[in-house]
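If you read the sequence from its start, that first residue is 1, and numbering goes on from there. For ligands, and for the atoms within them, numbers begin at 1 and follow the listed sequence. From a predicted model like this one, the values you see are computed outputs, not experimental measurements.
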Amino acid sequence: MADTTTHVYGKSTKTEAKFYSDAKEYWDGLQPTIDAMLGGYAKISPTDIDGSRAFLRPFMKISGGETNSNRALDCGAGIGRITKRLLLPMFTTVDLVELSQKFVDAAPKFIGEESKRVGKFTCSGLQDFTPDVGHYDVIWCQWVLGHLRNDDLVNFFRRCKKGLSEKGIVVVKENVTSTNNSDFDELDSSFTRPLDVLVQLIQNSGLVILKQQKQKGFPKGLYDVYMFALK
Ligand SMILES: C[S@@+](CC[C@H](N)C(=O)[O-])C[C@H]1O[C@@H](n2cnc3c(N)ncnc32)[C@H](O)[C@@H]1O
(Lines give C-alpha, C1' and ligand atoms only; values in the text may rest on other atoms or scores of the structure.)
Protein backbone atom coordinates (compact mmCIF):
# COMPACT_ATOMS: atom_id res chain seq x y z
CA MET A 1 0.00 0.00 0.00
CA ALA A 2 1.26 3.52 -0.81
CA ASP A 3 2.77 5.46 2.09
CA THR A 4 0.40 8.38 2.76
CA THR A 5 2.39 9.84 5.69
CA THR A 6 2.99 13.54 5.14
CA HIS A 7 6.23 15.37 5.92
CA VAL A 8 7.15 19.05 6.05
CA TYR A 9 9.17 20.26 3.05
CA GLY A 10 9.95 23.98 3.45
CA LYS A 11 6.58 25.71 3.56
CA SER A 12 4.64 22.73 2.25
CA THR A 13 3.45 19.45 3.67
CA LYS A 14 3.34 16.52 1.29
CA THR A 15 3.74 12.80 1.02
CA GLU A 16 7.04 11.22 0.06
CA ALA A 17 5.51 10.19 -3.28
CA LYS A 18 4.63 13.83 -4.03
CA PHE A 19 8.12 15.03 -2.99
CA TYR A 20 9.53 12.75 -5.70
CA SER A 21 6.83 13.29 -8.34
CA ASP A 22 7.13 17.10 -8.03
CA ALA A 23 10.84 16.84 -8.86
CA LYS A 24 10.13 14.59 -11.83
CA GLU A 25 7.50 16.99 -13.14
CA TYR A 26 9.96 19.89 -12.82
CA TRP A 27 12.80 18.15 -14.67
CA ASP A 28 10.53 16.64 -17.32
CA GLY A 29 9.39 20.19 -18.15
CA LEU A 30 12.90 21.45 -19.03
CA GLN A 31 14.76 21.38 -22.33
CA PRO A 32 17.72 18.98 -22.56
CA THR A 33 20.45 21.64 -22.44
CA ILE A 34 23.52 22.38 -20.29
CA ASP A 35 21.86 25.59 -19.15
CA ALA A 36 18.88 23.59 -17.85
CA MET A 37 21.21 21.12 -16.09
CA LEU A 38 22.97 23.99 -14.32
CA GLY A 39 20.01 26.25 -13.51
CA GLY A 40 20.99 28.89 -16.04
CA TYR A 41 24.71 28.76 -15.20
CA ALA A 42 26.07 26.89 -18.23
CA LYS A 43 29.12 29.17 -18.07
CA ILE A 44 30.37 27.51 -14.85
CA SER A 45 30.61 24.07 -16.50
CA PRO A 46 34.30 24.29 -17.59
CA THR A 47 35.40 25.45 -14.10
CA ASP A 48 33.30 22.69 -12.56
CA ILE A 49 34.79 19.98 -14.77
CA ASP A 50 38.37 21.25 -14.26
CA GLY A 51 37.84 21.22 -10.48
CA SER A 52 36.40 17.70 -10.61
CA ARG A 53 39.26 16.37 -12.73
CA ALA A 54 41.87 17.85 -10.38
CA PHE A 55 40.04 16.34 -7.39
CA LEU A 56 39.66 12.88 -8.93
CA ARG A 57 43.01 12.47 -10.68
CA PRO A 58 45.23 11.70 -7.64
CA PHE A 59 43.02 8.68 -6.78
CA MET A 60 43.51 7.10 -10.19
CA LYS A 61 46.12 4.38 -10.81
CA ILE A 62 47.38 6.14 -13.92
CA SER A 63 48.28 9.12 -11.69
CA GLY A 64 49.88 7.10 -8.88
CA GLY A 65 46.68 6.33 -6.92
CA GLU A 66 44.94 2.97 -6.45
CA THR A 67 41.65 3.30 -8.34
CA ASN A 68 41.18 1.57 -11.69
CA SER A 69 39.75 3.33 -14.72
CA ASN A 70 37.56 0.55 -16.12
CA ARG A 71 34.00 1.51 -15.17
CA ALA A 72 32.32 4.67 -13.85
CA LEU A 73 28.70 5.42 -13.02
CA ASP A 74 27.22 8.92 -13.48
CA CYS A 75 24.26 9.35 -11.07
CA GLY A 76 21.55 11.91 -11.85
CA ALA A 77 23.41 12.27 -15.11
CA GLY A 78 20.99 14.58 -16.92
CA ILE A 79 22.02 14.72 -20.59
CA GLY A 80 25.51 13.43 -19.77
CA ARG A 81 27.49 16.64 -19.19
CA ILE A 82 29.82 14.96 -16.68
CA THR A 83 29.98 11.70 -18.62
CA LYS A 84 31.08 13.51 -21.76
CA ARG A 85 33.54 16.01 -20.31
CA LEU A 86 34.98 14.20 -17.27
CA LEU A 87 34.25 10.47 -17.15
CA LEU A 88 34.51 9.17 -20.73
CA PRO A 89 37.96 10.78 -21.17
CA MET A 90 39.16 8.91 -18.03
CA PHE A 91 37.27 5.57 -18.03
CA THR A 92 36.93 2.73 -20.51
CA THR A 93 33.16 2.63 -20.07
CA VAL A 94 30.57 4.76 -18.27
CA ASP A 95 26.99 3.94 -17.24
CA LEU A 96 24.39 6.64 -16.65
CA VAL A 97 21.37 6.68 -14.36
CA GLU A 98 18.89 9.53 -14.68
CA LEU A 99 15.30 10.23 -13.56
CA SER A 100 13.95 11.91 -16.68
CA GLN A 101 13.42 9.80 -19.81
CA LYS A 102 13.67 12.99 -21.84
CA PHE A 103 17.29 13.51 -20.73
CA VAL A 104 18.16 9.82 -21.15
CA ASP A 105 16.87 10.05 -24.74
CA ALA A 106 18.88 13.23 -25.41
CA ALA A 107 22.13 11.91 -23.90
CA PRO A 108 23.57 9.87 -26.83
CA LYS A 109 23.29 12.82 -29.22
CA PHE A 110 24.73 15.25 -26.66
CA ILE A 111 27.63 12.93 -25.83
CA GLY A 112 28.27 12.28 -29.51
CA GLU A 113 30.59 9.69 -31.08
CA GLU A 114 32.02 8.55 -27.74
CA SER A 115 28.59 7.46 -26.51
CA LYS A 116 29.46 4.10 -28.05
CA ARG A 117 31.53 3.61 -24.87
CA VAL A 118 28.48 4.17 -22.65
CA GLY A 119 27.36 0.81 -21.31
CA LYS A 120 23.89 1.35 -19.85
CA PHE A 121 21.54 4.33 -19.91
CA THR A 122 19.12 3.64 -17.03
CA CYS A 123 16.01 5.73 -16.42
CA SER A 124 15.38 5.61 -12.65
CA GLY A 125 15.27 7.66 -9.48
CA LEU A 126 18.34 7.00 -7.33
CA GLN A 127 15.99 6.16 -4.44
CA ASP A 128 14.97 3.07 -6.45
CA PHE A 129 18.32 2.26 -8.06
CA THR A 130 20.90 -0.34 -7.06
CA PRO A 131 24.34 -0.36 -8.71
CA ASP A 132 25.64 -3.81 -9.68
CA VAL A 133 27.67 -5.25 -6.80
CA GLY A 134 31.46 -4.79 -6.94
CA HIS A 135 31.18 -3.19 -10.38
CA TYR A 136 32.29 0.45 -10.41
CA ASP A 137 35.69 2.07 -9.93
CA VAL A 138 34.05 5.47 -9.51
CA ILE A 139 30.41 6.30 -8.72
CA TRP A 140 29.92 10.03 -9.39
CA CYS A 141 26.96 11.82 -7.72
CA GLN A 142 26.69 15.53 -8.51
CA TRP A 143 23.95 18.07 -7.99
CA VAL A 144 21.33 15.37 -7.47
CA LEU A 145 21.49 14.13 -3.86
CA GLY A 146 19.29 16.98 -2.61
CA HIS A 147 16.53 15.18 -4.48
CA LEU A 148 16.66 12.27 -2.02
CA ARG A 149 15.12 12.30 1.46
CA ASN A 150 17.67 11.68 4.24
CA ASP A 151 16.75 8.03 4.80
CA ASP A 152 16.72 7.31 1.06
CA LEU A 153 20.10 9.01 0.70
CA VAL A 154 21.70 6.92 3.45
CA ASN A 155 20.30 3.73 1.88
CA PHE A 156 21.49 4.82 -1.56
CA PHE A 157 25.00 5.44 -0.16
CA ARG A 158 24.96 1.92 1.33
CA ARG A 159 24.07 0.43 -2.05
CA CYS A 160 26.81 2.52 -3.70
CA LYS A 161 29.36 1.20 -1.18
CA LYS A 162 28.46 -2.34 -2.26
CA GLY A 163 28.66 -1.30 -5.92
CA LEU A 164 32.34 -0.37 -5.67
CA SER A 165 35.15 -2.47 -7.12
CA GLU A 166 38.36 -3.04 -5.15
CA LYS A 167 39.80 0.45 -4.40
CA GLY A 168 36.73 2.02 -5.97
CA ILE A 169 35.42 5.37 -4.67
CA VAL A 170 32.17 7.29 -4.55
CA VAL A 171 32.50 11.00 -5.37
CA VAL A 172 29.85 13.40 -4.09
CA LYS A 173 29.78 16.98 -5.37
CA GLU A 174 26.92 19.03 -3.92
CA ASN A 175 25.81 22.50 -2.90
CA VAL A 176 25.79 23.21 0.84
CA THR A 177 24.09 25.96 2.84
CA SER A 178 26.05 28.38 4.99
CA THR A 179 23.33 28.24 7.67
CA ASN A 180 22.45 25.50 10.18
CA ASN A 181 19.30 24.44 8.35
CA SER A 182 18.55 22.71 5.07
CA ASP A 183 16.94 24.93 2.42
CA PHE A 184 14.01 23.44 0.56
CA ASP A 185 13.53 24.57 -3.05
CA GLU A 186 9.81 24.55 -3.83
CA LEU A 187 10.51 24.87 -7.56
CA ASP A 188 12.40 21.62 -8.14
CA SER A 189 11.50 19.85 -4.85
CA SER A 190 15.04 19.46 -3.52
CA PHE A 191 17.00 20.15 -0.35
CA THR A 192 20.30 21.95 0.02
CA ARG A 193 21.86 20.64 3.21
CA PRO A 194 24.40 22.20 5.56
CA LEU A 195 27.88 20.67 5.28
CA ASP A 196 27.69 18.96 8.68
CA VAL A 197 24.35 17.31 7.82
CA LEU A 198 25.75 15.95 4.55
CA VAL A 199 28.82 14.65 6.42
CA GLN A 200 26.61 13.02 9.06
CA LEU A 201 24.50 11.23 6.40
CA ILE A 202 27.68 9.98 4.70
CA GLN A 203 28.94 8.67 8.03
CA ASN A 204 25.58 7.07 8.86
CA SER A 205 25.86 5.01 5.68
CA GLY A 206 29.24 3.55 6.68
CA LEU A 207 31.11 5.33 3.89
CA VAL A 208 34.42 6.87 4.99
CA ILE A 209 35.61 10.29 3.82
CA LEU A 210 39.02 10.03 2.14
CA LYS A 211 39.18 13.63 0.97
CA GLN A 212 36.95 16.71 1.18
CA GLN A 213 37.45 19.94 -0.76
CA LYS A 214 35.56 23.11 -1.61
CA GLN A 215 35.22 23.90 -5.32
CA LYS A 216 36.99 27.17 -6.14
CA GLY A 217 36.23 29.75 -8.81
CA PHE A 218 32.42 29.76 -8.96
CA PRO A 219 30.63 33.13 -9.15
CA LYS A 220 29.72 34.86 -5.90
CA GLY A 221 26.09 34.45 -4.82
CA LEU A 222 25.95 30.69 -5.50
CA TYR A 223 25.93 28.10 -2.75
CA ASP A 224 29.31 26.74 -1.70
CA VAL A 225 30.03 23.45 -3.49
CA TYR A 226 31.92 20.62 -1.77
CA MET A 227 33.52 17.51 -3.22
CA PHE A 228 33.98 14.32 -1.20
CA ALA A 229 35.82 11.15 -2.09
CA LEU A 230 34.35 8.22 -0.15
CA LYS A 231 35.06 4.54 0.25
C1 LIG B 1 20.98 19.88 -11.49
S2 LIG B 1 20.78 18.57 -12.66
C3 LIG B 1 22.46 17.95 -12.69
C4 LIG B 1 22.75 17.02 -13.82
C5 LIG B 1 24.19 16.48 -13.83
N6 LIG B 1 24.50 15.77 -12.59
C7 LIG B 1 25.16 17.60 -14.06
O8 LIG B 1 25.81 18.03 -13.11
O9 LIG B 1 25.26 18.04 -15.21
C10 LIG B 1 19.91 17.35 -11.69
C11 LIG B 1 19.60 16.09 -12.44
O12 LIG B 1 19.14 15.11 -11.51
C13 LIG B 1 18.00 14.46 -12.04
N14 LIG B 1 17.22 13.96 -10.91
C15 LIG B 1 16.36 14.63 -10.11
N16 LIG B 1 15.88 13.82 -9.15
C17 LIG B 1 16.47 12.61 -9.32
C18 LIG B 1 16.37 11.37 -8.66
N19 LIG B 1 15.58 11.20 -7.60
N20 LIG B 1 17.11 10.34 -9.11
C21 LIG B 1 17.91 10.49 -10.21
N22 LIG B 1 18.04 11.65 -10.89
C23 LIG B 1 17.32 12.70 -10.45
C24 LIG B 1 17.30 15.53 -12.85
O25 LIG B 1 16.41 14.97 -13.79
C26 LIG B 1 18.50 16.24 -13.48
O27 LIG B 1 18.90 15.62 -14.66
Quiz item: Between Phe55 and Lys211, is there a cation-pi geometry (under 6.0 Å to ring centre, at most 45° from the normal)?
Solution: yes
Residue set satisfying salt bridge (charged side-chain N to carboxylate O under 4.0 Å, His left out) with Glu16, at least two apart, ordered chain then number -> Arg149
side-chain hydrogen bond (donor to acceptor under 3.5 Å, both in side chains) pairs touching residues 136-145, sequence neighbours excluded, are Asp48-Gln142, Asp95-Tyr136, Asp137-Ser165, Trp140-Gln142, Trp143-Asn175
Expected contact list for ligand 1 at under 4.0 angstrom, heavy-atom basis, is Trp27, Met37, Gly76, Ala77, Gly78, Arg81, Ile82, Glu98, Leu99, Phe103, Ser124, Gly125, Leu126, Gln127, Gln142, Trp143, Val144, His147, Leu148
- If you measure from the Lys or Arg side-chain nitrogens to the Asp or Glu carboxylate oxygens, is any gap between Asp35 and Lys43 under 4.0 Å? no
Check your understanding: Is a side-chain donor or acceptor of Arg159 paired with a backbone partner of Leu126 at a separation under 3.5 angstrom?
Key -> yes
Across all chains, not counting sequence neighbours, the salt bridge (charged side-chain N to carboxylate O under 4.0 Å, His left out) partners of Asp152 are none
